[in-house]
Amino acid sequence: MSQLDLGLQQHSDVGSVIARHQTVDDANTLASIDRPPCEGEELPPVKIYHPLSIHVIALLMPASIFGVLTRLGLQALTTYDGESIFPLAYVQATGCFIMGIGLRMKVPFGNFYGPLYTAFTTGFCGSLTTFSGWQVDVFDSWVNSGQFHRGGLRDFMDGLTQTWVTLVLSLASLKFGVYVCGVAQPYFSAPRPPTKNVRYTLTILAILTYAATFPAYFLLPPNFRHQATAALLFSFPGTLTRYLLSINLNPRLRIIPLGTFIANSLGTALLGFFHVLQGFPSAVSPNTCSLLQGLGDGYCGCLTTISTFAAEISALKGWKAIAYTAISWIAGQLLLLVIMGSSFWGGHVKEQMTCSFQTS
């Protein structure tokens, strides 16, 4: 690699690296994906925000909520009898496409208002896409949790399809988003940065938006809890956990982004555990069942991410991208094998949900 290429790599955002069809050799350089724009984007000090700034953290709150709402809405819209493709495919493709746009616009975001970049990518896209949901769907295909009339070979093919379609669709959508943004960006002029009063107002409104999820859970009809309000309650804690793991652990290894890997593995294990609790022969109470659904859709869905995962794979060089993909997928399936598989095959837990939600 020439000195020029090395300099570009060290001072470019990941979106620009992907747009130039380049790769990075050290996984720790990918830590910038979740961080707000900084010196590497050649911004003046006044426009640089600390990763743990209240402005950055606060904007993750409504971004997480809107990400979860978009995911649940897309899943509801694309779940029907005779569907041609599994519902999560639309979710992952949409989130990765938007993520590609966000990555390509990191410098413009930094010049406008840096915390919006983290809210857009880590908050919204990271909460919209879900690694844990993908892994559970693949495992459910292996064990035929839907009790379809098919043989073991068809179970294997279904799980394989869930795996490769999600990977290919996510990577293609991310790169398409980067490309579309690169084509459209020159036609739009940069808006004026918000004033100090506007920035603080946005921060206050963001905090109030998340605070509103608590009365929404308790005051709206109980049948809304498993559909949305429980998930909204746990959305921001999931995103915040992923964000903290990313900014603290991703710079530590050169082989794989450690923070994203731990977040995806932990979220997958927790989602498998919640599914086991929902399948006990002696069903848990309707309120507990709704909370478990909310923890799965909200906390685990926001703790894990396909959009950041796809960006890291796209930017990593050669064998490291392949190794990172394989290690993450295998770790997820092994965790579910231990947690869900042992429970199913031990005869203690049903493969289908046994608890019921509150309906009134």
Minimum heavy-atom separation for [X] and [Y], please, with both atom names.
{"X": "L335", "Y": "A269", "value": "CD1-CB, 4.2 Å"}
{"X": "V178", "Y": "A19", "value": "CG1-CB, 3.6 Å"}
{"X": "Y243", "Y": "D34", "value": "CE1-O, 3.3 Å"}
{"X": "S141", "Y": "D158", "value": "OG-OD2, 2.8 Å"}
{"X": "L103", "Y": "A311", "value": "CD1-CB, 3.7 Å"}
{"X": "V24", "Y": "L30", "value": "CG2-CD2, 3.6 Å"}

Stepwise side-chain contact (heavy atoms from CB on, under 4.5 Å) check, K106 with S32: CA-CA 10 Å; K106 185 168 188 178; S32 64; 3.8 Å; yes
Take the angle between the ring planes of W134 and F309 and call it parallel below 30°, perpendicular above 60°, tilted in between. tilted
Donor-acceptor contact present, side-chain [X] to main-chain [Y], <3.5 Å:
{"X": "S53", "Y": "Y49", "answer": "no"}
{"X": "T288", "Y": "V284", "answer": "no"}
{"X": "D155", "Y": "R150", "answer": "no"}
{"X": "K47", "Y": "N111", "answer": "yes"}
{"X": "R252", "Y": "L258", "answer": "no"}
{"X": "Q92", "Y": "I306", "answer": "no"}
{"X": "Q227", "Y": "N223", "answer": "yes"}
{"X": "T163", "Y": "G159", "answer": "yes"}
{"X": "R104", "Y": "V180", "answer": "no"}
{"X": "T229", "Y": "A216", "answer": "no"}

Tell me who clusters with W319, hydrophobic residues only, linked when side chains sit under 4.5 Å apart either directly or through other members. none
By the rule that ILVMFWY residues connect when side-chain heavy atoms come within less than 4.5 angstrom, directly or transitively, which residues belong alongside Y80? none
Is it the case that atom [atom1] in [X] sees more than 12 heavy atoms from other parts of the structure closer than 6.0 Å?
{"X": "I255", "atom1": "CD1", "value": "no"}
{"X": "F112", "atom1": "CZ", "value": "yes"}
{"X": "F273", "atom1": "CZ", "value": "no"}

Could you tell me if the side chain of [Y] sits less than 4.5 Å from the side chain of [X], heavy atoms only?
{"X": "I48", "Y": "P37", "result": "no"}
{"X": "T305", "Y": "T308", "result": "yes"}
{"X": "F120", "Y": "Y117", "result": "no"}
{"X": "F109", "Y": "L116", "result": "yes"}
{"X": "L74", "Y": "L88", "result": "no"}
{"X": "V349", "Y": "F280", "result": "yes"}
{"X": "L270", "Y": "L295", "result": "no"}
{"X": "L336", "Y": "Q333", "result": "yes"}

Kindly work out whether a path of hydrophobic side-chain contacts (I/L/V/M/F/W/Y, heavy atoms less than 4.5 Å apart) joins L171 to L160. yes
According to a 4.5 Å side-chain heavy-atom criterion applied to Ile, Leu, Val, Met, Phe, Trp and Tyr, with indirect links allowed, do I247 and L266 form part of one hydrophobic cluster? yes
Between [X] and [Y], do the side chains contain an N or O donor and an N or O acceptor separated by less than 3.5 Å?
{"X": "S64", "Y": "Y210", "value": "no"}
{"X": "S170", "Y": "S173", "value": "no"}
{"X": "N144", "Y": "R154", "value": "no"}
{"X": "S132", "Y": "T304", "value": "yes"}
{"X": "T239", "Y": "S127", "value": "yes"}
{"X": "T354", "Y": "Q278", "value": "no"}

Sequence neighbours left out, cut at 3.5 Å: what donor-acceptor pairs do the side chains of residues 339-346 make with other protein atoms?
| from | atom 1 | to | atom 2 | distance (Å) |
| --- | --- | --- | --- | --- |
| S342 | OG | V338 | O | 2.2 |
| S343 | OG | I339 | O | 2.7 |

Please assess L245 against R242 for the test side-chain contact (heavy atoms from CB on, under 4.5 Å), listing each intermediate value before the final yes or no. CA-CA 5 Å; L245 286 171; R242 169 166 49 84; 5.7 Å; no
Side-chain donor-acceptor pairs under 3.5 Å in residues 181-193, sequence neighbours left out?
none

With sequence neighbours excluded, residues passing ring-ring contact (aromatic ring centres under 6.0 Å, His included) with Y90: none
Sequence neighbours excluded, the answer for ring-ring contact (aromatic ring centres under 6.0 Å, His included) partners of F97 is F176
Step by step, would you call L232 with F66 a side-chain contact (heavy atoms from CB on, under 4.5 Å)? CA-CA 9 Å; L232 300 183; F66 292 127; over 6 Å; no
Under 2.5 Å between SG of C355 and C289: yes
With F86, which of T78, V91, T166 fulfils side-chain contact (heavy atoms from CB on, under 4.5 Å)? T166
Could you tell me whether R225 sits above the aromatic face of F357, with NZ or CZ closer than 6.0 angstrom to the six-membered ring centre and within 45 degrees of the axis? no
Show, in sequence, the C-alpha distance, side-chain angles and deciding distance for T121 and I33, and conclude whether the side-chain contact (heavy atoms from CB on, under 4.5 Å) test is met. CA-CA 8 Å; T121 54; I33 291 177; 5.9 Å; no
